[in-house]
Amino acid sequence: MITMDDIIREGHPTLRAVAKEVPIPPTAEDVELGKEMLQFLKNSQDPEKAEELQLRGGVGLAAPQLDVSKRIIAVHVPSVDPEKPESGISTVMYNPKVLSHSVQEACLGEGEGCLSVDREVPGYVVRAARITVSYFDAEGEKHKIRLKNYNAIVVQHEIDHINGIMFYDHIDEKNPLQLKDGVLVIE
Ligand SMILES: OCN(O)CCCc1ccccc1
Ligand code: NI
């Protein structure tokens with residue numbers, strides 16, 4: 001079972017490496033890893049489990065954060081609207097790729113954090129508001145999905161990790177809370 005002890009922190013070189021593509025269909029080992037990554041996210045969002053296991057809440061996790069330099073990410077974003085269950089996303093993506101993205105940009109009003117960063121880094125992390133992503137699932141089936149708003153932000157944060165990019169790389173150091181016109185602020 002994955003706990004915070006398995007998550008490497010900034011300064012560890014694996015977080016700055018470009019992770020390798022995995023064979024498709026994924027090996028049994030990579031399927032198991034993906035399952036454990038998704039379970040970690042679910043545990044981290046369960047008040048009792050998170051307390052018991054001392055987990056920081058997370059909506060995404062990338063294999064490099066476990067010192068596994070492979071292009072595997074897990075996202076678990078519960079839908080905020082029970083009427084629209086499809087507004088959330090809960091899946092493991094193998095070899096995810098952003099095929100296209102909107103010109104429109106977006107950021108989270110409260111900025112971003114990271115399980116591999118044990119400090120607050122204030123500032124807007126401006127990303128594409130909408131993305132089209134292709135990925136393979138645990139069975140080796142190819143998917144192509146369109147994401148927007150929070151789901152798009154989370155998946156971009158995770159895909160950054162497999163490219164060795166940290167969220168604060170996107171923050172304008174001189175003016176972290178500066179926002180260009182037209183950037184959608186997601187609260
Ligand atoms: O890489 C996952 N992780 O460090 C957990 C936090 C994920 C996350 C937080 C804010 C905005 C997008 C994604
Ligand atoms: Ni992160």
Side-chain angles (χ1 to χ4, degrees), residues 2-19 33-46 49-50 53-80 87-98 101-102 105-131 133 135 145 147-172 176-177 179 183-187:
I2 296 172
T3 67
M4 294 308 295
D5 295 342
D6 301 303
I7 295 177
I8 59 175
R9 308 299 154 95
E10 58 180 329
H12 191 302
T14 304
L15 287 173
R16 286 303 190 183
V18 176
L33 176 62
K35 283 179 180 166
E36 291 190 21
M37 289 166 68
L38 195 55
Q39 191 57 51
F40 167 84
L41 296 175
K42 292 175 179 174
N43 292 342
S44 80
Q45 294 173 30
D46 175 315
K49 291 240 178 70
L53 298 166
Q54 288 297 290
L55 305 182
R56 264 184 70 186
V59 288
L61 189 66
Q65 293 179 277
L66 302 170
D67 199 12
V68 175
S69 198
K70 293 183 177 180
R71 303 182 81 79
I72 306 170
I73 67 171
V75 290
H76 185 66
V77 183
S79 70
V80 287
S87 67
I89 182 169
S90 181
T91 193
V92 179
M93 298 184 183
Y94 295 89
N95 300 338
K97 189 168 180 224
V98 176
H101 61 82
S102 59
E105 296 177 311
C107 65
L108 297 185
E110 79 273 13
E112 296 188 13
C114 183
L115 293 171
S116 295
V117 178
D118 294 327
R119 62 192 170 104
E120 294 280 314
V121 183
Y124 291 122
V125 179
V126 178
R127 299 183 185 277
R130 294 178 297 283
I131 56 175
V133 178
Y135 69 90
I145 60 172
L147 298 169
K148 63 181 180 184
N149 301 333
Y150 191 58
N151 291 349
I153 297 286
V154 173
V155 169
Q156 288 174 84
H157 177 114
E158 303 317 327
I159 291 178
D160 267 357
H161 274 305
I162 61 177
N163 290 324
I165 297 165
M166 302 293 280
F167 74 89
Y168 44 71
D169 298 345
H170 299 286
I171 294 173
D172 176 345
L177 294 171
L179 258 192
V183 178
L184 180 71
V185 179
I186 299 167
E187 298 302 346

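We count ligands from 1, going down the list as the structure has it; atoms in each ligand are counted the same way.
- Inter-residue side-chain proximity for Leu38 and His76 is flagged as met; some heavy-atom pair is nearer than 4.5 Å.
- At the Ni ion (ligand 2), the angle from SG in Cys114 to NE2 in His157 is 120° when rounded to 10°.
- Residues Met37 and Ile2 have side chains in contact (heavy-atom distance under 4.5 Å, counting atoms from C-beta outward).
- Polar contact check, His161 against ligand 1: a nitrogen or oxygen pair lies under 3.5 Å apart.
- Donor-acceptor pairing under 3.5 Å is recorded for the side chains of Tyr168 and Glu10.
- In this structure, Arg71 forms no cation-pi arrangement with Tyr135, as its terminal cationic atom is not both closer than 6.0 Å to the ring centre and no more than 45° off the ring axis.
- Here is the list of ligand 1 atoms found below 4.0 Å of a heavy atom in Gln65: 1 (O), 2 (C), 3 (N), 4 (O).
- For atom 4 (O) of ligand 1, the closest non-hydrogen atom of the protein is Leu115 N, 2.7 Å.
- Contact annotation: the side chain of Asp118 approaches that of Arg56 to within less than 4.5 Å [non-hydrogen atoms, C-beta and beyond].
- Short contacts between ligand 1 and Gly60, defined as distances under 4.0 Å to a heavy atom of the residue, involve ligand atoms 2 (C), 3 (N), 5 (C).
- The protein heavy atom nearest to atom 7 (C) of ligand 1 is Glu158 OE2, 3.7 Å.
- At a heavy-atom cutoff of 4.0 Å, ligand 1 is contacted by the side chain of Leu108 but not by its backbone.
- In terms of protein heavy atoms, atom 9 (C) of ligand 1 is closest to Gly113 O, 3.6 Å.
- Residue-ligand proximity, Cys114 to ligand 1, at heavy-atom distances under 4.0 Å covers atoms 4 (O).
- For the residue pair Gln65/Ser116, the side-chain donor-acceptor check at 3.5 Å is satisfied.
- In this structure, a donor-acceptor pair under 3.5 Å is present between the side chains of Asn43 and Gln39.
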